Enquirer: 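Quick one: this structure, given as structure tokens, is what I'll be asking you about.
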Amino acid sequence: MLKWFLTMKKYDHKKIEKKWQGQWKKNHVVKVDKDDQSKEKFYMLDMFPYPSGEGLHMGHTESYTASDVFYRFKKMQGFNVLHPQGFDSFGLPAENYAIKTGVHPAETTQQNIENYIAQMKSLGLNYDFDEMVNSSDPEYYKWTQWLFGEFFKNNLVYKKTAKINWCESCQTGIANEQVVGGECERCNTEIMQKEIPGWFFKITDFADALIEDLDKVDWPEYTIKNQRNWIGKSEGAKIKFEIKNFDKKIEVFTTRPDTLFGATYMVLSPEHKLVAELLENKDLRFRNYDEVEKYIIETQKKSEMDRVEGKEKTGVLLLGISAINPANKEEIPIFIADYVLSGYGTGAIMAVPAHDTRDYEFADTHKLEIRKVIVRSGDIEILSTAKTKKGDVEIFCEKGKLINSGKFDGMDSEEAQKKITEFVGGELTTNYRLRDWSISRQRYWGCPIPVVYSPEGEARLIPEEHLPWLLPTDVDFKPTGISPLADSKELKERTEKIFGKGWIPEYDTMDTFVDSSWYFLRYPDAHNDNEFCSEARKKWLPVDLYIGGAEHTYMHLLFSRFFVKALKQIGLLNFDEPFMKLRHQGMVLDSEGKKMSKSKGNVVNPTEMVERFGADSVRAYILFAAPLEDEVIWNENNIVGIYRFLEKIFRYTNEWIIFNRDNEKINLNKEIDSLLHKTIKKVTEDIENLKYNTAISSLMIFVNKIREQRGNTSENQLMTLFQLESFLKILAPFAPHITEELWAGLGHTESIHLEEWPEYNEKLAKDDKHIVVIQINGKVRSEIEIEDGEDEENIKKRALEDEKVQKWVVEKEIKKTIYITNKLLNIVI
RNA sequence: GCCUAGGUGGUGGAAUUGGUAUACACGCAACACUUAAAAUGUUGUCCGUCAUGCGGAUGCGGGUUCGACUCCCGCCCUAGGCACCA
């Protein structure tokens, strides 16, 4: 014993990890040959991070480790795996930091990227950083601009002046999709409304395809649902209402044209164009002009959140005008109210208080007529059918049969929707919640929009030969309400030099979501200066497995999907969906189960954890602690379990090397061999299904078994070299450093990560004996050991002879028995 | 209010075409080694009971079934998301 104790090495994770991280780089272990046609391709993608000053966080650590494990696994299985990483490096934090300190965003971004790369390497993440993509690099954004140009030429981008969400702090417009809880997603300032001209991508053109193609992908159910809900398709009708004594019509969108006879008033959103027109028309001036104007101003101050939260349904009657219900020609009042939003439908509604909760609440407050026109089918006589109860009156919001609707009485809702729409000259139509994507930002640190304006104000695309259209450097970062680029002398001169006197450049930059909507198309051909991706390299697309946070389920995924569909329509791609399989990692919480945040001071730094426990332990622990998609509690006290596990393997392997290296007469331990094959099977299947926690647990069970057997056997009979090596290989994706060290210790000169993934023998992975549980009336009373495939009658006979079973069945009639092969026998008495 | 996910020992979690509930890990306890501690090892650890037995337990209450963490009905709680969508 003393001998091996003296020669035994200690598991020094720092030394081992540093050594191999250096070696991998030197020996090109991470290199991918993108043109290798001999192997099947696999594209494993991570959501690229924004390189913030705070560095990598634990969420990245989990997600990137998960993909790194899968990458190593697929590579060992013989796939040619592309597993790139890059940086989503345009964005507000760097610009805000520049405003505060004067340090140019390019500089801080570069520093942060270097820091991120160092952190990623310290975790043993094997990215080939030569194939990196960096969205603020002109070599990259040249192609962002080029793609914008393709959209421009193909009518998929247009300019319009629109009231948009405005963030006072960022001094920029914010897309609807980027407003979180009425606040700016990035800085949490409350969003206001402001009229701003800007460029929009026609994402709504693809609304139906964006819904339908969700059938083609292997994504989490809820992510698919979220995408569907975000697009928000609804069937209905557009119907026009005449205004009395005014030659204009109000068009409404309704999902319930069958309730038209019950429309007892109309509501316009305060921003509705017609309201402004009516206000300007002196002949028609409302009798309550001041009240109306005051209400409009109050609404403008409100964010969408405020409008939503107001419990009282406020609104103002437009005194002096009225509309005609086209179904029954009755004169009905018109209101403006902020519960009607300008951005959805037509910005105007017909209100049917008897059959819509919100309309009812408004009608109740303003004492308006409530006319019932729908009753539950087969319930014509009784008018009191109810779904939702509101005060004393009952509201029925479902479809049913019509009453009080003239010649349509007795008709079913379904049929009446078509017939009534037809009757009033309306139009059946589909409406979407999705709006076109506003991409203009009045910011500095973003991709310049490659457009110039003629002296007459006409927008023209900057020709390809002038790309990349560089972001100027001579600007002041301070927010003024206009784009920082308007400051640049150089940009102005550059524009005039190329296009002539009087031409001015577009000053806005693009939403950073544009950069991240196509980056995965660039990795296969990251250095191509002539194309965004060559035809040959497009064979890598689409992405086979994408791992990233669930927080991106709406915007990033939707925008990326839109890009792929748009580029297919243009003819630049030939597939429909960017990400075939998608999985999310859960949040990493502190030891008390709370969200990590700077303000709480409970943020765990991955690099510090790597220092203390080693990259292998950090990797294995974060995957072991919980299923990938669940929340992970980062508990430092628990990581020691993984550390001990690795240490045991380290000690065991070194013992093995000392005693067995030159010993050719190791006897095959059949029990260990069977367990090994079971473990290979389990780990292989679990990795394939991203069930890393149970894969690691089965590796632990294997090690425990070996430790247990060590007491019963002489050391040189424990494991063959082949068995030991197979075990190290299936551990390698999780703990790449320690396995590499032990692999080298066994005398290998090539990396373990270039080895083939062990095959399991189905026969050996199967037991030839099983324990069958004997139940009496569903309660476990005994168990017997059986041969694999033993005859049911025989098992039954043996079970009834069992002493413990005898006690229960003696003098009882056996009604029936149920046998589950190799598992269970239930005797019913 | 709506949508989604979930509720299993002291803790993280395992097990679902319905078939031994609590794998694996942490923690805890006892023992061994040690002058001692750490480390390591061994044993034990859902609850009740004197128990190699018996009974009970997967948020709560019912149901289906030979058998339910798993399926059905009703309710409670937690987390995340959405929100006047006409």
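What you see is a predicted model; the values in this text were computed from it and never measured. So that the names make sense, note that chain A is the first sequence line, chain B the second, and so on, each numbered from 1.
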Enquirer: Provide the distance between the two P atoms, one in B/rG53 and one in B/rG44, to the nearest whole Å.
Expert: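 Roughly 15 Å separates the two P atoms.
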
Enquirer: Without decimals, in angstroms, what is the distance between A/Glu785 CD and B/rU20 P?
Expert: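 In whole Å, B/rU20 P and A/Glu785 CD are 18 Å from each other.
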
Enquirer: Check the distance between B/rC24's C1' and A/Leu623's CG and give it to me in whole angstrom.
Expert: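 Spelled out: CG on A/Leu623 to C1' on B/rC24 is 15 Å.
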
Enquirer: Is the gap between the ring centers of A/Tyr11 and A/Tyr643 under 6.0 Å?
Expert: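 When the ring centroids of A/Tyr11 and A/Tyr643 are compared, they turn out to be within the sub-6.0 Å range.
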
Enquirer: Verify whether one side chain among A/Tyr344 and A/Ser269 offers a donor that lies under 3.5 Å from an acceptor in the other.
Expert: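 Distance-only check fails for A/Tyr344 and A/Ser269.
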
Enquirer: Can you find a side chain N or O atom of A/Lys691 that sits less than 4.0 Å from OP1 or OP2 on B/rC24?
Expert: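 For B/rC24, neither OP1 nor OP2 has a side-chain N or O of A/Lys691 closer than 4.0 Å.
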
Enquirer: Rounded to the Å, how far apart are A/Glu221 CD and B/rG81 C1'?
Expert: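 Those two atoms, CD and C1', are 16 Å apart.
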
Enquirer: With the side chain of A/Ala625 defined as its heavy atoms from C-beta on, choose the nearest nucleotide among B/rU40, B/rU20, B/rG12.
Expert: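 Of the options given, the side chain of A/Ala625 lies nearest B/rG12.
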
Enquirer: Can you tell me if A/Ser234 and A/Asn431 form a side-chain donor-acceptor pair at under 3.5 Å?
Expert: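 The answer is no; no qualifying pair exists.
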
Enquirer: So, is A/Lys816 close to the B/rC66 phosphate, meaning a side-chain N or O under 4.0 Å from OP1 or OP2?
Expert: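 Answer yes for this pair, as a side-chain N or O of A/Lys816 is under 4.0 Å from OP1 or OP2.
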
Enquirer: Given that both distances must come in under 3.5 Å, which nucleotide forms a Watson-Crick or G-U wobble pair with B/rG55?
Expert: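 Its partner is B/rC47 (Watson-Crick or G-U wobble, both distances under 3.5 Å).
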
Enquirer: Is the gap between the ring centers of A/Tyr265 and A/Phe362 under 6.0 Å?
Expert: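 For A/Tyr265 and A/Phe362, the ring centres are under 6.0 Å apart.
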
Enquirer: Can you tell me the base-pairing partner of B/rC82? Count Watson-Crick or G-U wobble geometry only, both distances below 3.5 Å, and say none if there is no partner.
Expert: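 For B/rC82, the partner nucleotide comes out as B/rG1, under the 3.5 Å rule.
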
Enquirer: Under 4.0 Å between any heavy atoms, over every strand shown, what does A/Phe624 touch: base, sugar-phosphate, or nothing? Just pick one.
Expert: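 The residue A/Phe624 makes base contact.
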
Enquirer: If I pick the P atom on B/rC26 and the same atom on B/rC82, what distance separates them, to the nearest angstrom?
Expert: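 B/rC82 and B/rC26 have their P atoms separated by 39 Å.
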
Enquirer: If only side-chain N and O atoms of A/Arg644 are considered, is one of them under 4.0 Å from the OP1 or OP2 phosphate oxygen of B/rC24?
Expert: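 So the side chain of A/Arg644 is outside the cut-off, no N or O lying under 4.0 Å from OP1 or OP2 of B/rC24.
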
Enquirer: Could you tell me the Watson-Crick or G-U partner of B/rG12, where both distances fall under 3.5 Å? Say none if there is no partner.
Expert: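 With both distances under 3.5 Å, B/rG12 matches B/rC24.
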
Enquirer: Take the protein atom CD1 of A/Ile786 and the nucleotide atom C1' of B/rU20, then report the distance between them rounded to whole Å.
Expert: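 To the nearest whole Å, that distance equals 14 Å.
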
Enquirer: For B/rC26, does the base pair up with any side-chain atom of A/Asn638 as donor and acceptor (N or O, under 3.5 Å, distance only)?
Expert: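 Check fails, no donor-acceptor contact within cut-off.
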
Enquirer: Applying side-chain hydrogen bond (donor to acceptor under 3.5 Å, both in side chains) between A/Glu790 and each of A/Lys769, A/His770, A/Arg798, report the one that passes.
Expert: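 Among A/Lys769, A/His770, A/Arg798, the one meeting side-chain hydrogen bond (donor to acceptor under 3.5 Å, both in side chains) with A/Glu790 is A/Arg798.
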
Enquirer: Taking for each residue the nucleotide of RNA chain B bearing the nearest heavy atom, is the 5' side occupied by A/Leu824 or by A/Tyr621?
Expert: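 Going by which nucleotide is closer to the 5' end, it is A/Tyr621.
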
Enquirer: Does B/rA83 have its OP1 or OP2 closer than 4.0 Å to a side-chain nitrogen or oxygen of A/Asn229?
Expert: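 False: A/Asn229 side-chain N/O out of range (4.0 Å or more) of B/rA83 OP1/OP2.
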
Enquirer: Tell me whether the OP1 or OP2 atom of B/rG19 has a side-chain N or O from A/Lys823 closer than 4.0 Å.
Expert: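 For B/rG19, OP1/OP2 do not have a side-chain N/O of A/Lys823 under 4.0 Å.
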
Enquirer: Who does B/rC71 pair with, Watson-Crick or G-U, both distances under 3.5 Å?
Expert: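 Paired with B/rC71, as far as the under-3.5 Å criterion goes, is B/rG63.
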
Enquirer: Quick one: is B/rA14 close enough that its OP1 or OP2 comes under 4.0 Å of any side-chain N or O from A/Asn693?
Expert: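 Result: yes.
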
Enquirer: Over how many whole Å does the gap from A/Arg228 atom CZ to B/rC82 atom C1' extend?
Expert: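 Whole-Å distance recorded here is 17 Å.
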
Enquirer: Given B/rA83, is OP1 or OP2 found less than 4.0 Å from the side-chain N or O atoms of A/Arg433?
Expert: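 Answer is yes, contact under 4.0 Å.
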
Enquirer: Both A/Glu647 and A/Ser698 contact RNA chain B. Taking the nearest nucleotide for each, which residue is further toward the 5' end?
Expert: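 Looking at RNA chain B, the more 5' nearest nucleotide goes with A/Ser698.
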
